[in-house]
Amino acid sequence: MPLTRRGRRSAALSLLASLLLTAAPAATAHAATPPSPTAVPATSAAGTPRLAEVTGVTRVTGVTGGAGGAEAAAAAVCNKQCDGRDPAAATSDRVPVSSALYGRSVRLHLSDNDVMGWASIENGAAGDEVWLDRSYDGGRTWAAGSRLGATSVPTGSSGWRTGMYNVDDWNTAGVGALRACGKAGDRPEITCTGWARVNWNAWSRSTAAATALMMSYDRNTGLYGGNGWWTSANALTAVLDNARLTGMPSYRYAIASTYDKNLGAQGGSFRNDYLDDTGWWGLAWVAAYDATGDSRYLNTARADADHMQAYWNGTCGGGVLWNRTMTYKNAITNELFLQLNAALHNRIPGDTVYLGRAKAEWAWFQKSGMINGDRLINDGLTDSCANNGQPTWTYNQGVVLGGLTELYRATGDSALLATARTLAGASTVRLQTDGVLREPGEGDECAGDGPSFKGAYVRGLGRLDAQLADHPYAATLDRWADAAYARDRNALDQYGPHWNGGTGATDYGCQQSVLDLLNAAGQ
């Protein structure tokens, strides 16, 4: 689609997940099955955090620090322990972020095993204030969890601390974060640390990234980012892949929640006018079926594939339309059609229909002209059925790899893997900048369509690499993942758009892409 509209599992990781799930309470997963969760009010919105905040310092001036005691009391949470516990009872003390103002040091303390945190202020004077903010959406809003434990430094002391407060709310599937805030008693300005959380559900790079992505899961809509549509399908797929690769079951509740809340949306059964949207959802429900064995997900994936098939026509010799009311034929829709039909065949005993569609799709696609002389795939075809020369978006290079891998599993035709290697060899070289994957025209934002593209690319590349005995792209995936972890991550394990570093927003699109990358790299 034009940008304007809209594995590998290492033995070490497997062993680590097994040990943590059975022997280490601080890192074990919690499987939430929440009753009718409620959304966090959006009345005290934070600015979108920038990656420049990796230092964990946020300074706010001219504000009072948010809602007071009554609201904080209403937000009380009980998990292992209830909010307000004395930090003297903490089983550990880790300080991931701190901030300073007028000589005062404000610090966030986390007790990973208790899944709680507290705030302290040091080097101050009597009357200085300190408190916690708690957010269930990655630090975007915190009105119902502000000024937790607000307290003042008593006479005769230079420092003080709050009580302990839970990071998560397991009763409502609230995936949380804390920050510490404070101010001098005789000054109006406040300072807040960056947001951080305990290592619960974060024992590896990928599980930490999955947990950060779940902070963007809207428990009311069942979508990521509130109302992201096809991007939510990708985010759910990334979370399910992570659960499969790491053994962490904590976020499986999102499968049924997303399905039940959205089955009747748009055209029903996750279909709409845009056939690529339908394809993304179809693949998400294939992943859900693999995770649960529940036939309703496989049946929905079949309905999605059948919906797409209805818009296959003879224009340009074949292929599926991008939009059912338009004549445009593009790469991503047809790549998704290839992968979805091949995947369905591989899961339906005795099938011939979906396999026939997948074979017909690939026979048409490889001769369509969308694969250019550099072995990269442009966006689509002109009205005269020629390559339109539009950008070689990363996802166009990746979904086809997943599709060819599924079709190989269906047919055993080694020529399919040979073609996939040729395409992957071109894209892994030509779409890198300074040794790291970069989207054509990559911007600084993480919402909208584009930020999800790289995730779809590395997902396909990872599945091809896992299929190949020599794993030719493992080192490349590791290099990209190491770069993102070192240069594109904040204290909350949120990632931005530029895996090689640089300023940029954080949001669910970028987070999904990095989760796909870490999944593919087995990290």
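Since we're looking at a predicted model, the values are computed, not measured.
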>> With disulfide bond (SG atoms under 2.5 Å apart) as the rule and sequence neighbours excluded, what pairs involving residues 456-523 come up?
In response: Cys446-Cys510
>> Between Tyr259 and Trp285 (judged by ring centroids, cut-off 6.0 Å), do the two rings come close enough to count as a pair?
In response: yes
> Backbone N or O of Phe337 within a donor-acceptor pair of the Asn341 side chain at under 3.5 Å?
Replying inline: yes
> Relative to each other, are the rings of Tyr395 and Phe453 parallel, tilted or perpendicular (30° and 60° limits)?
Replying inline: parallel
> Applying disulfide bond (SG atoms under 2.5 Å apart), which residue pairs with at least one partner in residues 375-416 are found, sequence neighbours left out?
Replying inline: Cys316-Cys385
> Hey, which of Asp379, Thr315, Asp383 is the one that makes side chain to side chain donor-acceptor pair (under 3.5 Å) with Tyr328?
Replying inline: Asp379
>> Do Asp290 and Arg244 have side chains that approach each other closer than 4.5 Å (heavy atoms only, starting at C-beta)?
In response: no
>> Could you check, using the six-membered ring where one of them is a Trp, whether Trp281 and Trp229 have ring centers closer than 6.0 angstrom?
In response: yes
> Should the pair Tyr311 and His307 be assigned to parallel (<30°), tilted (30 to 60°) or perpendicular (>60°) ring geometry?
Replying inline: perpendicular
> Which of these passes salt bridge (Lys or Arg N to Asp or Glu O under 4.0 Å) with Arg205: Asp488, Asp482, Asp493?
Replying inline: Asp482
> Taking Asn378 for the side chain and Gln390 for the main chain, is one N or O donor matched with an acceptor at less than 3.5 Å?
Replying inline: yes
> Is the NZ or CZ atom of Arg179 both under 6.0 Å from the centre of the six-membered ring of Trp142 and within 45° of that ring's axis?
Replying inline: yes
> Between Tyr217 and Tyr224, is the gap from one ring center to the other below 6.0 Å?
Replying inline: yes
